[in-house]
*Asks:* 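Take this structure first; my questions come after.
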Amino acid sequence: MHYFCILTLLGVIVIASADNKQQHSYGNRPRGVALLKAALYEEKDEFECLDGSKKIPFDQVNDDYCDCADGSDEPGTSACPNGHFHCLNIGHRGLDIPSSRVNDFICDCCDGSDEWDSGVECPNVCSQLGQKAREDAVKYRATLEVGFKQRQELSKQGEKQTTEMKTNIGDLKKQLDGLQPSKDEAEKKKNEVEERERAAKDKHDQAWNAHLDEKKKKEATELFEKLDVDKDKKITLNDLKNFKEFDTDENGEVSDDEAKDYLSGSDELDVEAFIDKDKGFREIALRFQSKPKPVTTEEKVDEDNIEETGGEEEEGISDEVVEPPPQASDEEQKPPYDDATQALIKEADEARREYQEILTKYNEVENTIQDSERFLEFDYGTDHAWAPLKGKCVELDESQYTYRLCLFDRAVQKERGGHSEVNLGHWKEWTGPDDDKHSTQKYDRGQSCWNGPERSTEVVIECGEETKLVETSEPSKCEYRFRLQSPAACTDPAKFDENAHTEL
Amino acid sequence: MNHELTDADKDKDSASFVTPTGEKIVLTFKPFRIDVFIKKELTVSINSKNLLKFEHFREKGAADTDEEGFWEESFKSFQDSKPYGSSSVGVDISFLGYKFIYGIPNADTFALRSTTNSEPYRFYNLDVFEYELNNPMALYGSIPYVIAHNQHQTLSLLWLNSAETWADIHSSTADKGMLASIVDKFRPSSEVPQIDVHFISETGVIDLFLFLGPKPKDVFRQYASLTGVTPLPPQFAIAYHQCRWNYKDEADVAGVHAGFDEHDIPFDVIWLDIEYTDGKKYFTWDSTKFPTPKEMQNQLAANGRKLVTIIDPHIKKDSGYHIYKEAQDLGYFVKKSNGDDYEGHCWPGASSYLDYMNPTVRDWWASQYALDKFAGSTENLWIWNDMNEPSVFSGPETTMEKDAKHYGGWEHREVHNIYGLMMHMSTHQGLLQRSNKRLRPFILTRSFFAGTQRTAAVWTGDNAAEWSHLKSTVPMLLKMSTSGIPFVGADVGGFFKNPDEQLLVRWYQAGAFQPFFRAHAHIDTRRREPWLFSEQTKDAIKKAIKARYRFLPYWYTLFYEHEKTGLPIMRPVWAEFPEDENSFDEEREWLVGNALLVRPVMDPDVTQTSLYLPGLSEVWYEWDSHKSRPGPGAVYIDTPIDKIPVYQRGGTIIPVRERPRRASKLMRNDPITLYIATNYKDFANGTLYMDDGETFEYKNGDYLYWGFTFKKINEYDFSISSKNLDTNGKFDPDVWIEKIVIRG
C-alpha cells in the first residue's frame, strides 16, 4: 500500500461550518476581496486559483478550506496560511491583512470586518481613524511644503557651492600652474646659492678642524712625554705607576689593572696609538686636569667598595656631569667666516626666504584644491541638498548624555555636565535601500567597547522643517541609532498629492 | 514497596524476599550486600565492593578525628569551619549485563562515560561562567540519578542527597571485576559486561532508590511516582519565547511586539532580564525605562501575549528596599556561621540571600507575588528564577560558603543542591495564590534538583553561539528529560557571542522541536530579532517558528500525557526502541513523543544530512514529502537552509493546526488536521488533548481527550474512527477537523 491522500472531513469532534452566508459589505464579491480584484472573483461555475494552478467549483471559494496553493480561494477566511484578507475600511484606508488575522479575536480592520465569526464585537472606528489620518496627512503635507521649499533652497546652495567649488578648482589649478615656474625658478636659485655657500663654509671648517687636530696632537705628545718616565718612547704600565692620578680605587698604589684601564686594555702604547686611542688620551688628560686626591684611609676604601657594587657606570656618568670637560672652559673659539663667505650666507638666506614665500603660497593653493576635491567626493544627494549641511552639528539631550551628530563627520556621546566624550563613529556612507539610499547614514570606527566591537551609529533621516536630532537609542550594545529630521529629506508635496489621489 | 520478611526468608547469614513482580532481593549480612535477581539473573549488586561509608557527626576531640582536613578546610582564601567534622556517606552499585548507563544531567555526552581515568561526575549546583562541553564537571543543577539500559531490562537508581556529591562510573566485563566469584555462581557466561557506580556525598544520609523497570517507560513512570511530574503547563509556555538581556524599555518591548506582527512571525512571550528593575531590586521597576508596566503587559495581552520577568534570590542590601528591610527585620536571610546575616556580592552589589529552607520564608516570598503587593504586575506576568544555585560572585566557586547556616540549624553544605528548588517551589506557590489557584503558573529556573519538574521548567543556562553548543543541546536535554524533567530547553542562538545566520537558523530549527523554545542573548551581543537578518534567514526562522505553532496540539497532548504517565516528551531513541542497540549512544536525533523523529542539522555548510531510522518492521514517513522508508537503517536527506529532517513513525496519528497565528491563544478555536501514518498492518492511532489552555478547570472536567484509530476493514475498505478516551472530560470547544492526511 503506497498512497497518500487528503480527506476533507466535517465534524469529528464538533461541526462548526463556516457561516458564509452571513451579511458582508463586499457587494457581489466574495468576502475579503478588494474592489480592484473584483473581476478575478466574478461568480462562475468554476474558480481558477490566481496562480493558475487549479480550478475548483466556485462554491468552494471561502468555504473555510484551503484549496489553492497561493491561498487565493479563501480571501475571507483564515484557512490558507499564505492568503490575504482585504478590509474595505470605508472612511479610512483599505488594508490587506494576512489571512491568519481573520477571526483571531483581535480587531485588525478599523471597520471590524476581519472578526466576522469569532464572536468578538469590533467597533467600526474607521471614520475617527480616517479623520485623524487626514489631519495627520494635512500636517505632514504642511511639513513637506515648508521642508521641501527649504530643501530647494539647500539644493540651490549646494549646487552653487559645488559648482563654485568645481570652477574654483579649475581657477586654482591654473593659478598653481602659473606659480609653478616661479617656484621652480626660486628653488633652482636657492639650490645654486646654497651649493656655493656650502663650499665656502666647508673650506673654512676644514681649516679649523685641521687646526684642532694639530693642537690635540701637540697636547698629546706633551702628555706622552710627561708620562713616558723612562723615555723609551712607549708608555708602559710601569710608567703609569708613577702617577697617583691613576690610583682609581685610591688605595695608595697604582695596580696593573688600574694602569691597563688607561691604556685601553693594552700593556703599552706608542705615541701614535696613544693619540689614536681616544679613550687613552682623553681620560688621562681629564685625570690630570682634575685635582690630585689625597692619599686614602682604610675607612674610605670600604665606602668606595660599597659604592662600586652599586654600579660603576652610574658613577662614571655623574663624574662627567659634575666636572665638565676641560675643553669647555678654555676652549678656543672658532673664528668667524671671512667676508666673502658671510656675503654668500646672506645671499643664500635671501634665496631661501624667497623660495619659502612662494612655496607657502603654492601649498596654500594646493591645499585649497585638495579640500575642495575632498568636499566634492561626498554624495550630497541627487540635488546636492545635503552639501550646505556638511559639518553642521546638531545635539540632543537624553537623560544622562548629550548626543551630537556632525554631519558627514562623526557622532559623539558626551556625559552631561562632564567633559569626557565618546566617539560613536566616523562618517562611513549612505546606507539606505537602493531606491531610497539617502534615507540612512552610517558612522563607524568609533571608540572600541570594552569586550565588544567599535562603536557605530546609524542615522535614520526623515523630513522635518529644520535639521535636528529627535531621538537616540542603543538597540544593541555599542550600536547606536539616531533619528534625524531635516528638510533635505523632504520630498515634493506634489508627489504626495499624486499618491494620495491614486489611493482614493 | 512494603514487604515483611517471614522466617522462611531468613537464615543467619542472609535474608531474601521476592517482589510482587518476581524480582528476588537477597540481603547478605556480613559483609553487607544487597543482590537483585531478575529472571533468576544477578542484575544489581549493592555494596559488592564494600565501599559503603557512613561518617556520623562528631564532637571535637573525639577519637580518630585528627586527620588533615577533618575539622577545617580551605579553598583559595575561603575557610570552611567544619563544626561536625568529616561526615561523608557513600556506596557502590554494580549493574550486571549493562554496557550503557544514562542520567546525571550536565554538559557531557548522553551515554555516560567511564570515569576510571578522569575526574568523577560532580553534583554541586554552580554558576559556571562559559561552561565547557564534554566535561563531567558540576553545572547549575544536580540529579544524582542513573539509568542502566540494555535490550531486555531498564533499571534506574536515585542517590537522594542534596550535599556535594561525586559519582564514579566504571565499565568492564564482570569476569575481570571484583564480583567474579558471585557472578560465576549466578551468571553462566563469563563475558558479562558490567557497570559500577560509586556515589559519595560530603554529608547527609544514605537514601537510595532502585527502580526495576523492566522497560524504559516503566522506569520513567516509577521515577515520576517518587519525584513527581510536570503538571500541564499553560499553553503559551510551550509556544515560542523571545528573550534578550535586555529589552531596554517599554518602547523596545512595543517595537519587538510590533516587529513580529509586521513580519508575520508568531511569538507568545517576551522576557525582561535584570535591567528592568530599579537597581537590581527585584519586585521593583526602573521608573524611567518602565514607567507603565501594567499598560505594557495589557498591550501584550491584547494580542494574546505574556511577559516574563526575572526575579533572583539575592536581595540588595539597602534598608530603603522594602524586601530587604522586611526580610532583615524578620530574620529571613541565610546566616553566616557566626549567626550574622550572610552577605555576598551579586548583580546589585552587596546582597543577602533568603533562606528558602524555612517554610515561613517560603510563604512570605510567595506572598510577595500577590498582584496588590508586586507593584506593576498583572496576571499576564510570569517569572524567571535565575542565579539560584545560589550564585555569589564573592563566594567560593561563585557560590555560598558551606558553613553558612539555614533554618533549623542546617549548614549550607547539607542543602546546597536544593536551594534553587526551594526557591522556585516558593515562587510557584506565590503564582498559584496570586490567582486564587485559577491559573496554571509558569516559572523558569536555572538551578534544579530531583523534583524541580513539579514547579518549574529548566533551561541549560549560559551556552554560547557555537556549533558545538548547538550539538550539545541534544544530549543535555535528553539527560534532563530522562532524569524526570521534561520541560527543558536551551537558549536558541547561544547566549554568549554572535551566531552567524546559518547557525541561528539551524538552532531555531532544532529549538522548535525541543520542549522549551526560547531565544536568548547576552547584553554584549548584537540584536537578533529575525527581521534584522537577510530575507532568506528571516524566512527560514519564520518557517521554523511556524512549525512549532503547527505542532502545538501534539505538544500540548504530550504534556498532558506526561502528567498522567511521567513519560518524557523529548525522548531518546531507546525509550521507544529499547531493543535497537544501534541507537543506544545516539545523541544527534530524538523523538518528540512516540511519533516524531527529529534530526536537526548541527554542522555548517551541509547540503545533505544522514540520520538513523530505528526499529524492526517500522516504517517512517518524511514529513514534507510523505516518502516512506523502512527501519532500521540510515537515510540521507537533502537539507537546504530552510529544511530540518522530521519523520513520522508509521502507526501514529499526529494532530496539528495548519493556521499558525500571531500567538497560540488566538488559535484556540482553529480546526485540527490529522496526519495519519500507517504501519505495515495498515493501522495507526493517536490522541488529542484540549482544554482552555490556561486555567485549572481541566482538573474539574473541563477538557477533552480523544483517540483516533485508522484500520483496515477488508481488502478495499479502511476506517477512521474517533473515540472519547475519557468521558470525564466535558470540554466542548468550537473546534472541528478540517483535514485528514493519510500516509501509507
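Reminder, nothing fancy here: chain letters follow the sequence lines and each chain counts from 1.
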*Asks:* Under a 4.5 Å cutoff for heavy-atom pairs, which residue among B:Asp261, B:Leu674, B:Asp252 has the most contacts with chain A?
*Replies:*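 Result: the option with the highest number of such pairs is B:Asp261.
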*Asks:* Quick check: closest heavy atoms across B:Glu738 and A:Tyr65, and the distance to 0.1 Å?
*Replies:*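 So the minimum-distance heavy-atom pair works out to O-CE1, 3.4 Å.
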*Asks:* Surrounding NZ of B:Lys712 (heavy atoms of other residues, nucleotides or ligands, distance under 6.0 Å), is the total greater than 12?
*Replies:*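 Yes, NZ of B:Lys712 has more than 12 neighbouring heavy atoms, counting only those of other groups under 6.0 Å.
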*Asks:* What part of A:Asn82 is in contact with chain B, defined as an atom under 4.5 angstrom from a non-hydrogen atom: side chain, backbone, both or neither?
*Replies:*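 For A:Asn82, no heavy atom lies under 4.5 Å from chain B.
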*Asks:* Counting a contact as any heavy-atom pair under 4.5 Å apart, which residues of residues 523-534 of chain B contact chain A?
*Replies:*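 Within residues 523-534 of chain B, the residues that come under 4.5 Å of chain A (heavy atoms only) are B:Ile523, B:Asp524, B:Thr525, B:Arg526, B:Arg527.
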*Asks:* Minimum heavy-atom separation for B:Leu666 to A:Phe105, with atom names?
*Replies:*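 Closest approach of B:Leu666 to A:Phe105: O-CE1, 3.7 Å.
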*Asks:* Would you mind checking if A:Asp104 and B:Arg668 are paired as a salt bridge, meaning a charged N to carboxylate O distance below 4.0 Å?
*Replies:*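 No, this pair does not count.
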*Asks:* Using non-hydrogen atoms and a 4.5 Å limit, figure out which bit of A:Val120 sits close to chain B: side chain, backbone, both or neither.
*Replies:*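 Neither; nothing under 4.5 Å.
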*Asks:* Of the backbone (N, CA, C, O) and the side chain (C-beta and beyond), which part of B:Asn724 lies under 4.5 Å from a heavy atom of chain A, both, or neither?
*Replies:*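 Answer is neither: B:Asn724 stays 4.5 Å or more from chain A.
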*Asks:* With a 4.5 Å heavy-atom cut-off, do A:Ser100 and B:Asp264 have their side chains touching?
*Replies:*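 A:Ser100 reaches B:Asp264 side chain to side chain.
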*Asks:* Would you compute the distance between atom OG1 of B:Thr288 and atom CD of A:Gln400 and round it to the nearest 0.5 angstrom?
*Replies:*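 Reported to 0.5 Å precision, the distance equals 10.0 Å.
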*Asks:* Counting heavy-atom pairs under 4.5 Å to chain B, which of A:Cys80, A:Ser118, A:Cys66, A:Ala79 comes out on top?
*Replies:*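 Looking at each option in turn, the highest pair count goes to A:Ala79.
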*Asks:* So do the side chains of A:Ser476 and B:Arg244 get within less than 4.5 Å of each other, counting heavy atoms only?
*Replies:*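 A:Ser476 vs B:Arg244: side chains touch.
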*Asks:* Below 4.5 Å from any heavy atom of chain A, which atoms of B:Ala251 appear? Answer side chain, backbone, both or neither.
*Replies:*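 Looking at B:Ala251, nothing touches chain A.
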*Asks:* Would you say NZ of A:Lys442 has more than 12 non-hydrogen atoms from neighbouring residues, nucleotides or ligands within 6.0 angstrom?
*Replies:*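 Counting neighbours around NZ of A:Lys442, more than 12 heavy atoms of other residues, nucleotides or ligands fall under 6.0 Å, so yes.
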*Asks:* Take a 6.0 Å sphere around CD of A:Glu121 and say whether it holds more than 12 heavy atoms from other residues, nucleotides or ligands.
*Replies:*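 Count not over threshold, so no.
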*Asks:* Is atom CG of A:Asp434 surrounded by more than 12 heavy atoms (other residues, nucleotides or ligands) closer than 6.0 Å?
*Replies:*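 Incorrect, the count does not exceed 12.
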*Asks:* Are the side chains of B:Arg661 and A:Ser78 in touch, meaning some heavy atoms are under 4.5 Å apart?
*Replies:*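 Touching, per the 4.5 Å side-chain cut-off.
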*Asks:* Taking side chain as everything from C-beta outward and backbone as N, CA, C, O, which of these in B:Asn303 sits under 4.5 Å from a heavy atom of chain A? Side chain, backbone, both or neither.
*Replies:*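 It is both, since atoms from each part get that close.
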*Asks:* Side chain, backbone, both or neither: which part of A:Ser99 has a non-hydrogen atom closer than 4.5 Å to chain B?
*Replies:*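 A:Ser99 touches chain B through backbone heavy atoms alone.
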*Asks:* Quick one: does A:Asn103's side chain get under 4.5 Å of B:Arg659's, heavy atoms only?
*Replies:*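 No; the side chains remain at least 4.5 Å from each other.
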